[in-house]
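These notes are about the structure you will find just below.
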Amino acid sequence: MSGAPILQVRNLCKAFPGVQALTDVRLDVAAGSVHALMGENGAGKSTLMKILCGLHTADAGEIRFKGQPIRASSPHEALRRGIAMIHQELLPFPNLSVAANIGMGREPTRWFPGWIDQAALARDATRVLARLACPLAPQRRMKDLSVAEMQTVEIAKALAYEPGLLIMDEPTSALSEREVEALFSVIRELQQRGVAIIYISHKMDEIFRIADTITVLRDGRHIATRPASELNEPQLISLMVGRDLAPTPAARDSRGDPALEVHRLTQPGKFRDVSFTLHRGEILGLAGLMGAGRTDLVNAIYGLAPASSGAIRVHGKDVKITNPAAAIAAGIGLVSEDRKQFGLVLPMSVQHNLTLSSLRGRWIDQRRERALADAQIRAFALKVTGRHQAVVHLSGGNQQKVVLAKALLTEPDILILDEPTRGIDIGAKAEIYALINRLAGAGKAVLLVSSELPELLLLSDRLLVMREGTVTAELDSHQTSQEQILIFAMPA
Amino acid sequence: MRASSIKSWGLAIALVAISLALSFAKPTFLTVPNLLNVMRQISINGILAVGVTYVLLTGGVDLSLGSLVALSGVVAATLAHPNQHALAVPVLVGVLTGTLCGAVNGLVVTHGKVAPFIATLGMMTVARGLALVVSGGRPVSNLGAEFTRLGGDVAGLPIPLMVLAGIALLAFVVLRNLRLGRYVYAIGGNEAAARASGIDVAAVKLFAYSACGATAGVAGVVLAARVTTGQPNAGVGYELDAIAAVVIGGTSLSGGVGGIGGTILGALLIGVINNGLDLLNVTSYYQAIVKGIIIVGAVWLDRQQNKS
């Protein structure tokens, strides 16, 4: 299936202030192949991809695409040459229609230059969405879509360019099983037509299902390129992290006193009659598909969007949580699923982000704040140039650790973790798993929302499954399986 | 090193370089009377710029400052006729007028959910109208000597300058050392995350707009004292001069980045350049052109620095 290299990268170097992001990186991608690019966060994958699609310019090195040397200076130039990228972070135009989003930049015109042919625009969108087996109406507003639907639109947008090289950065992070299958069949179809695909994902099973070749980067350097058939998962992980990682088993005496009791919590249109009890020292998993209401539920418990009826009890006492401040005061901490939107103030320093929820009194005790920040930086092994570094410059895994460290500084008894490992690499994942276990071991009550079933099975003591806003099952994590969870999670 | 401090250094160096150049071109520039004159000229703009820094840091904007200067100046002046009231009455009522209007701005923005641009644009017109109503459309003159002395000097130093120094210091300390100040940055940087961190976003914004209104009140009182009249038509366009100083000082219009130090440097830079152009006998027509180029140039340079 694979032919001559369509993309050749040689000796590519790129430095940012304070970091050498890429050193002498090489990469060959054959036409019609799926080339997985693996590495921990900060390994340089994103930088390499951003250079390929014209967002960054390399300091040194050579890129040849279809035999031509390129120095793409803008995404527009890269697209013109046939390199398209689906970004991990979605960049939609929320107030425009699906069709306008898909056609952005190459709108069909009629009558005279610049007059958009709306009918053709909608037709093109429908055609490319059909290839993705996605029944979205092209006139819907982008902002009314779910995250999964928006991601599908992004993919459609890239496909509409008919690219020769398609770069996919975590394309499935918000997709349901069915949508992933549709995406994979599109990838195979593109392969048949000679399109080369660079595929970035932290999901190992996907990599081994879809990739022909795997290249591993570590600390900005090329470590290995192998056919996927010659590698297994442990080998790949040890190439990525440079050491062997053992999964952390959950071994705890769970179930102390009830810490959080939720009684018939209801928010019309989001979730209804949700009741459960979370005990001290317990990790309670919350499983369900996208849109099952899990995030709405935890946001209600944390006061971001309070429920319209129902009761919440903390340590046996009724509490009224109308805003996040009340939740923090009641000893509830939340690590939101969307760290950039709700977790971090990106232009602020690491120190100021860490202490943002836990400042007390009128005056800030600067010395104490510095000490707290330094302690958290050490405890979480944050890779930062200093406590004054702006969090916007940190890798995804480090950002997530900042969000966790920040939530823990409020000293919550109850910790709600919504997708705590989304989009972070396997090394950081293992650290966060170990941390969650330690927290539960120290008596914290943990409510863990995750779309990764292996993660839920590994970490949690009990599992609640949600479907369309209601709890459909309570399962013992040690005596259930992914299949059984899915039976309760899938719409009937 | 923090990005903000690098920015401020660049600005400080530019300020020193321009001052040096001016002192070579015109020896009168570097004399105590002329420098005091510069300070006197930047005081009003500086006071307003400090206030509007708070609003810009939250990611908002305040277009009503010029009108608030006029309104609080007129209100203070009507209470400042000779032997009418103790000095504290016109001063406090004037400042309070600005503060209340600022608070109304804040309430319309936070509770009315009206965009800051629109809310303060409305206040700009309303406050101008109120200033005309209160004064009957005529300048309020015949002010007591006690009051007008506020626009003069004490011990050789201009009182407006000392007011600016006091307000700037207070604003600096609040931003740097108070929780409130930290929250101003957090809200401008990411309002949703600030709310999720347990911050009462509405209260902090209300504070920022009120504080901004208060500085407009102070500026109005000081201006009325300096020109010895309450002018209902005073302060037209002052809000844009103040915003220009803040932006030159490195505060981001989208919020979350910047500070008082940069704002003061920005106000100084505008003042020094205006003064220098005066000394070089450049007409005010050309001065306007130069000021505009400096505003855009400073922000452009800032962008270039951030890129690298």
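All values derive from a computational prediction rather than experimental measurement. Proteins get letters first, then strands, A, B, ... in listed order; numbering begins at 1 in each.
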Is it the case that more than 12 heavy atoms not belonging to [X] sit under 6.0 Å from its [atom1] atom?
X	atom1	answer
A/His393	NE2	no
A/Gln366	CD	yes
A/Lys444	NZ	yes

Might you point out which heavy atoms bring [X] and [Y] nearest each other, and give the distance in Å?
X	Y	value
B/Ala196	A/Ile328	O-CD1, 4.5 Å
A/Lys406	B/Ala193	NZ-O, 4.4 Å
B/Leu178	A/Ile364	O-CD1, 3.4 Å

Query raised in the report: Between B/Ala192, B/Gly188, B/Gly181, which shows the greatest number of heavy-atom pairs under 4.5 Å with chain A?
Result: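 Greatest number of close heavy-atom pairs with chain A: B/Ala192.
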Polar side-chain atom of [X] near backbone of [Y] as donor-acceptor pair, under 3.5 Å:
X	Y	result
A/Arg362	B/Arg179	no
A/Gln341	B/Asn190	no
A/Asn323	B/Asp200	no

Query - B/Ile187, part contacting chain A, at a heavy-atom distance under 4.5 Å - result: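 Contact with chain A involves no heavy atom of B/Ile187 at all.
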Sort out for me which of [options] touches chain B most, counting heavy-atom pairs under 4.5 Å.
options	result
A/Leu359, A/Thr355, A/Asp365	A/Leu359
A/Asp338, A/Val345, A/Leu334, A/Thr410	A/Val345
A/Gly361, A/Gly386, A/Ala390	A/Gly361
A/Asn299, A/Leu344, A/Asn353	A/Leu344

Requested in this report: For residues B/Arg182 and A/His352, determine if any side-chain heavy atom of one lies less than 4.5 Å from a side-chain heavy atom of the other.
Outcome: yes
Requested in this report: Measure distances from A/Leu304 to the heavy atoms of chain B and classify the residue's part below 4.5 Å as side chain, backbone, both or neither.
Outcome: both
Requested in this report: Against chain B, label A/Glu369 side chain, backbone, both or neither, depending on which of its atoms sit under 4.5 Å from a heavy atom there.
Outcome: side chain
Query raised in the report: Can B/Val173 and A/Trp363 be said to form a side-chain contact (heavy atoms from CB on, under 4.5 Å), step by step?
Result: CA-CA 10 Å; B/Val173 170; A/Trp363 293 82; 3.7 Å; yes
